Undergrad: 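This structure is in structure tokens; I'll ask about it shortly.
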Protein chains: 2
Amino acid sequence: MNQDVFIESKPLREKIADIIRTDIIKGVYRNGERLVEPKLAKNLGISRTPIREALRQLEGEGFIEIVPRRGAVVKELTIKDIDDLYAIKANLEGLAARQATLNLTGEQIEILIGINKKFRDYAEKNPGIPDEHHKDNIDFHNVFIAASGNEKLVDILDGMSKNFQRLKSMLMSDAGRAANAVKEHKKIIDAFISKDPDLAEKTVREHIISGWEYLKQRINSNA
Amino acid sequence: MNQDVFIESKPLREKIADIIRTDIIKGVYRNGERLVEPKLAKNLGISRTPIREALRQLEGEGFIEIVPRRGAVVKELTIKDIDDLYAIKANLEGLAARQATLNLTGEQIEILIGINKKFRDYAEKNPGIPDEHHKDNIDFHNVFIAASGNEKLVDILDGMSKNFQRLKSMLMSDAGRAANAVKEHKKIIDAFISKDPDLAEKTVREHIISGWEYLKQRINSNA
DNA sequence: ACACAGTATACAGTATACAATAAACCGAAT
DNA sequence: ATTCGGTTTATTGTATACTGTATACTGTGT
């Protein structure tokens, strides 16, 4: 249980937050499970203080809930929650695309095209192994999110992405979805090329919603 | 300096966070000013631990910046920052309006109409005193934000509103703007009545952007 | 057998003490 | 006079100790 706590030089509380967050994402702790400070402190071999600060941070990120005098519990992530989060994500990434449209250089658009090509090739050859195109997908989105020039937006979306990682176990996007994603990415690129902010926003928004609809359908059929 | 610390039964750290946040909003601390833990602890008559936790929370809310081994400083809020924040706010409230459109009951729409009427009457009579219509304005927005049914969205917008309070000193919206706001609110209500999500989103978004444009112009002309 | 009260215990909330580090200051050497 | 290096000091990071409260448990009375 005693994981490598002393990794780098960033504050202990950050490392602890990372460890606990990862454990929540990996499902080490179940929904509603109590995170008891002395217990965590003992397991990680440190004192309670950094634990407490890490827990506050995780509360802010929405992973746990802290009840006064009762302590921290892992927050459940319901389908409704994810629905709500995806609606926000779709809108905000749409905004990012809108703001990025006028900023994107030809070079950056070339990068987008390149990523999407790689994405397509990989998905065709390795339909079963999603990890690699998953990363490409994230890269693709990050390009125009960064190009929006809106730092607050980048921060918010970055924070949200941690939450979506909690779904990663279910996120086994198969080739069918990947093929769609490639098509939708192409539409997005076209919107960027034609410098049409409205269209860029619309296509990105629809792309994200469509990804979630697909995923939700799979979750429901598995349940 | 020693304000009323012992107000209610919520954890000290919350009360401390409230106090410091209010002070930042009120401008007691200047941009870039260091918030030294022992000093705060002494002034508030408590130990450092709750102070530290309050500071972490305020960092998450974007009011301060904590540099490792250097401590906390009040984060500057530049025009660019506010620009970015307003773009996000406009987008998210637009989303709220969209989602609210199908949920809003006739009764709730009546409430919106009522608030806007009160807003109009008050603005006509008391053009100089903005506090009251400011509150009405917030109420108006909160109605459809809550009606969106998207709790995460409510949380995010609530958190952002604290940041916008930092602008409140400049937010002396005069009658000219209030008259415009009334008109725009009416458009929003009409969109709700006609159950048109796209239009609701669009009108709300434009309403917020327009408010910010007006405010920004005033800030620039004052500077 | 059940309900209630009293007690014990486990835990979060808070305070304080100690260690580590970075910035400021001072002095010496060039 | 200026720069480099060492020393001091201010301040954060971490650990531990103490306090108050909520919950669980146990026993007693009905």
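Only this structure's heavy atoms are used, side chains among them; waters, hydrogens and symmetry mates stay out. Chain identifiers are assigned alphabetically (A, B, ...) following the order of the sequence lines, protein sequences preceding nucleic acid strands; residue numbering begins at 1 within each chain. Note that the coordinates shown come from a computational prediction; the quantities given were computed from them, not determined experimentally.
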Undergrad: Give the rounded distance in Å between these two atoms: NZ of Lys39(B) and P of dT12(D).
TA: 9 Å

Undergrad: Please pick, from dA15(C), dT12(D), dG13(C), the nucleotide with the shortest atom-to-atom distance to any side-chain atom of Arg56(A).
TA: dG13(C)

Undergrad: For Ile51(A) and dA15(D), give me the distance from atom CD1 to atom C1', rounded to whole Å.
TA: 12 Å

Undergrad: Under 4.0 Å between a side-chain N/O of Thr49(B) and OP1 or OP2 of dT14(C), yes or no?
TA: no

Undergrad: If you take the centroid of each ring, where Trp contributes its six-membered ring, are Phe192(A) and Phe144(A) closer together than 6.0 Å?
TA: yes

Undergrad: Between the side chains of Asp83(B) and Lys80(B), is the shortest nitrogen-to-carboxylate-oxygen separation below 4.0 Å, so that they form an ion pair?
TA: no

Undergrad: Nearest-Å distance, CG (Leu40(A)) to C1' (dA15(D))?
TA: 16 Å

Undergrad: Quickly work out the Leu35(B) CG to dA10(D) P distance and round it to whole Å.
TA: 19 Å

Undergrad: Please lay out, stage by stage, how Glu184(A) and Thr203(A) fare under the test side chain to side chain donor-acceptor pair (under 3.5 Å).
TA: CA-CA 7 Å; Glu184(A) 290 165 17; Thr203(A) 50; over 6 Å; no

Undergrad: Just to be sure I understand the rule, does Arg52(B) reach a base, reach only the sugar-phosphate, or reach nothing, if contact means heavy atoms closer than 4.0 Å?
TA: base

Undergrad: Using heavy-atom distances to pick each residue's nearest nucleotide on DNA chain D, tell me which of Pro68(A) and Pro50(A) is more 5'.
TA: Pro50(A)

Undergrad: Which nucleotide sits closest to the side chain of Val36(B): dT11(D), dT14(D), dA15(C)?
TA: dT11(D)

Undergrad: Step by step, work out the side chain to side chain donor-acceptor pair (under 3.5 Å) result for Ser210(B) and Arg177(B).
TA: CA-CA 9 Å; Ser210(B) 134; Arg177(B) 173 62 197 149; 3.0 Å; yes

Undergrad: Rounding to a whole Å, what distance do you find between Leu55(A):CG and dC11(C):P?
TA: 14 Å

Undergrad: Confirm from the modelled atom types if Arg69(A) and dT21(D) form a donor-acceptor pair under 3.5 Å, side chain to base only.
TA: no

Undergrad: Nearest whole Å is fine: how far is dT12(D) P from Glu53(B) CD?
TA: 15 Å

Undergrad: Of all heavy-atom pairs between Ala97(B) and Ala200(B), which one has the smallest distance, and what is that distance?
TA: CB-O, 3.8 Å

Undergrad: Does dT16(D) have OP1 or OP2 under 4.0 Å away from a side-chain N or O of Arg48(A)?
TA: no

Undergrad: How many Å lie between CZ on Arg34(B) and P on dT11(D), as a whole number?
TA: 6 Å

Undergrad: Select one nucleotide: of dA15(D), dT12(D), dG13(C), the one nearest the side-chain heavy atoms of Glu37(B).
TA: dT12(D)

Undergrad: Hey, is the side chain of Arg70(B) poking within less than 4.0 Å of OP1 or OP2 on dT11(D), counting only N and O atoms?
TA: no

Undergrad: Distance check needed: dT16(C) P versus Ile46(B) CD1, whole Å only.
TA: 11 Å

